[in-house]
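Every heavy atom of this structure was used, including side-chain atoms; hydrogens, water molecules and symmetry mates were not. One-based numbering along the sequence shown. Quick caveat, the model's predicted, so the values are computed rather than measured. Start at 1 and go down the list; that is how both ligands and their atoms are numbered.
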Amino acid sequence: MRKVLLLGASGSIGTQSLDIIERHKDRFLLTGFSLGQRVQYVPEVLRRFPSVHYLCVSNASDAENLRKTYPNLEIYHGDEGLVSTIERCPCDMVINALVGFAGLVPSVTSLRLNKILCLANKESLVVGGSIINGLLASGKGKLWPIDSEHVAIAKLLSCIKRENLSRILITASGGSFRNKSREELSHVTREDALAHPTWSMGAKITIDSATMMNKGFEIIEADVLFGIGVDRVTPLMHDESYVHSLIELKDGTLLADVSKPDMHGPIEYALMEGEVPFEPVKGQCLEDFAPYHFHAFNPDRYPAVPLALSSHKKGGNSNAILNASNEIAVYAFLEKRLPFLQIEEEVRYALNTLPWMENPTLEDLIRTDALTRDAVKRHIGG
Ligand code: NDP
Ligand code: MG
């Protein structure tokens with residue numbers, strides 16, 4: 001039996017994680033969860049999971065109100081509350097389904113405390129990849145990624161001898177504006193951007209998919225997780241999102257992971273620590289999913305990808321600048337304060353102006369994040 005703490009229970013990955021925990025009641029016991037502002041989800045989660053005794057929310061006032069309603073629960077709030085929840089809640093496994101930089105300290109805390117970390121929060125790996133890998137290398141905790149491409153790659157790599165690997169082909173839908181030219185992007189709206197063609201996800205990652213910063217992050221994530229180097233990970237445009245990624249062997253053979261675009265599968269794989277029962281699914285035939293369309297990736301159409309990769313190659317605190325500037329710009333776009341094409345420009349501005357440093361500690365990354373947020377907010381104005 002795994003005791004589980006779920007961070008980000010009200011989100012897209014969080015709610016699907018609850019489904020998986022419920023599906024495998026004999027294996028998982030939910031002992032705690034966190035959410036941000038959407039406290040209306042609390043009663044429903046507690047009804048479904050009476051084993052919960054620890055809860056964390058974003059606001060102090062919400063925590064205060066919840067304490068009155070649920071005097072038997074231990075309730076925390078804010079960023080520090082997330083750390084206290086991880087420290088106090090009896091759990092073997094932490095699912096980090098938070099969005100953005102807010103997920104980094106919880107990821108590091110979980111590994112330091114030797115937890116099995118099921119990680120959807122890719123920003124943790126982008127910003128703190130070296131720190132996370134350092135902890136894992138020193139024997140602290142375990143890491144199972146929750147991202148459809150990386151679960152696909154992990155499964156495919158488990159089937160081959162590593163010396164036979166030539167490269168990884170990471171698939172990309174191209175997001176909500178894939179049929180538009182760059183010229184047509186100057187006036188697109190928040191509503192247009194949130195209509196993803198193949199996946200239903202939280203707002204931030206949906207915008208990251210439209211700029212393809214998400215794919216830049218995922219190539220970095222692949223390097224951190226599989227140590228392959230970003231130059232051996234090639235993005236491949238794939239319209240239907242059925243092929244979750246491919247690996248190419250040195251003899252030219254391609255191996256692919258194919259299934260419906262549904263995050264329950266990758267979440268289940270991570271939570272089950274790779275021991276997913278292989279059951280034939282009725283009606284899941286290749287021809288049902290067809291046709292499949294693939295196209296070459298064009299970096300001029302999606303400059304966020306080369307921007308992310310050059311940041312990663314620069315190393316140091318560069319990815320913290322990349323991530324923080326992207327977050328501020330994406331939320332400014334969502335609040336209709338910044339045109340879509342300006343998101344990449346803000347990231348470029350931040351990478352060119354914020355001070356670079358080698359070998360940052362966690363505290364240095366937190367400082368870089370705060371400095372970058374301030375600088376980009378000032379640059380955007382308003
Ligand atoms: P959502 O926005 O749907 O959910 C985010 C969750 O985090 C919510 O529970 C939210 O609370 C909580 N949260 C947000 N900010 C804070 C904060 N500052 N402090 C505490 N809690 C906070 O995001 P997704 O589920 O879409 O994505 C989560 C992560 O998974 C991201 O890193 C994303 O890139 C990654 N991912 C997502 C996929 C998907 O299909 N959605 C696929 C692959 C990866 P509340 O809403 O209550 O305020
Ligand atoms: Mg993905």
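In terms of heavy-atom proximity, Asn317 sits nearest to Pro355 at ND2-O, 3.0 Å.
Taking hydrophobic clusters as Ile, Leu, Val, Met, Phe, Trp and Tyr residues chained together by side-chain heavy-atom distances below 4.5 Å, Val94 shares a cluster with Leu82.
Screening the protein for N, O or S atoms under 2.8 Å from the Mg ion (ligand 2) yields 3; no waters enter the count.
At distances below 3.5 Å, at least one donor-acceptor pair connects side-chain atoms of Thr31 with backbone N or O atoms of Pro90.
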N/O to N/O under 3.5 Å, ligand 1 against protein:
from: ligand 1; atom 1: 3 (O); to: Ser12; atom 2: N; distance (Å): 2.9
from: ligand 1; atom 1: 9 (O); to: Gly8; atom 2: O; distance (Å): 3.2
from: ligand 1; atom 1: 9 (O); to: Ser10; atom 2: N; distance (Å): 3.4
from: ligand 1; atom 1: 9 (O); to: Ser10; atom 2: OG; distance (Å): 2.7
from: ligand 1; atom 1: 9 (O); to: Gly11; atom 2: N; distance (Å): 3.3
from: ligand 1; atom 1: 11 (O); to: Ser10; atom 2: OG; distance (Å): 3.3
from: ligand 1; atom 1: 11 (O); to: Gly36; atom 2: N; distance (Å): 2.9
from: ligand 1; atom 1: 25 (O); to: Ser12; atom 2: N; distance (Å): 3.2
from: ligand 1; atom 1: 25 (O); to: Ile13; atom 2: N; distance (Å): 2.9
from: ligand 1; atom 1: 26 (O); to: Gly202; atom 2: N; distance (Å): 2.9
from: ligand 1; atom 1: 30 (O); to: Ala120; atom 2: O; distance (Å): 3.3
from: ligand 1; atom 1: 32 (O); to: Glu123; atom 2: OE1; distance (Å): 2.7
from: ligand 1; atom 1: 41 (N); to: Ser12; atom 2: OG; distance (Å): 3.1
from: ligand 1; atom 1: 46 (O); to: Arg38; atom 2: NE; distance (Å): 2.6
from: ligand 1; atom 1: 46 (O); to: Arg38; atom 2: NH2; distance (Å): 2.8
from: ligand 1; atom 1: 47 (O); to: Ser10; atom 2: OG; distance (Å): 2.6
from: ligand 1; atom 1: 47 (O); to: Gly36; atom 2: N; distance (Å): 3.0
from: ligand 1; atom 1: 47 (O); to: Gln37; atom 2: N; distance (Å): 3.2
from: ligand 1; atom 1: 47 (O); to: Arg38; atom 2: N; distance (Å): 2.9
from: ligand 1; atom 1: 48 (O); to: Gln37; atom 2: N; distance (Å): 2.7

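Side-chain contact of His293 with Glu240: a donor-acceptor pair under 3.5 Å is present, judged by distance alone. Side chain to side chain, Ser61 and Asn59 fail the donor-acceptor criterion of an N or O pair below 3.5 Å.
Aromatic ring centres of Phe340 and Phe177: separated by under 6.0 Å.
Screening Leu73, Val42, Leu46 against Leu66 for a side chain to side chain contact (heavy atoms under 4.5 Å, CB included) leaves a single residue, Val42.
Salt-bridge annotation for Lys142 and Glu273: absent, with no side-chain N of the basic residue lying under 4.0 Å from a carboxylate O of the acidic one.
Residue Ser209 holds its OG atom at 11.0 Å from CZ of Arg178, rounded to the nearest 0.5 Å.
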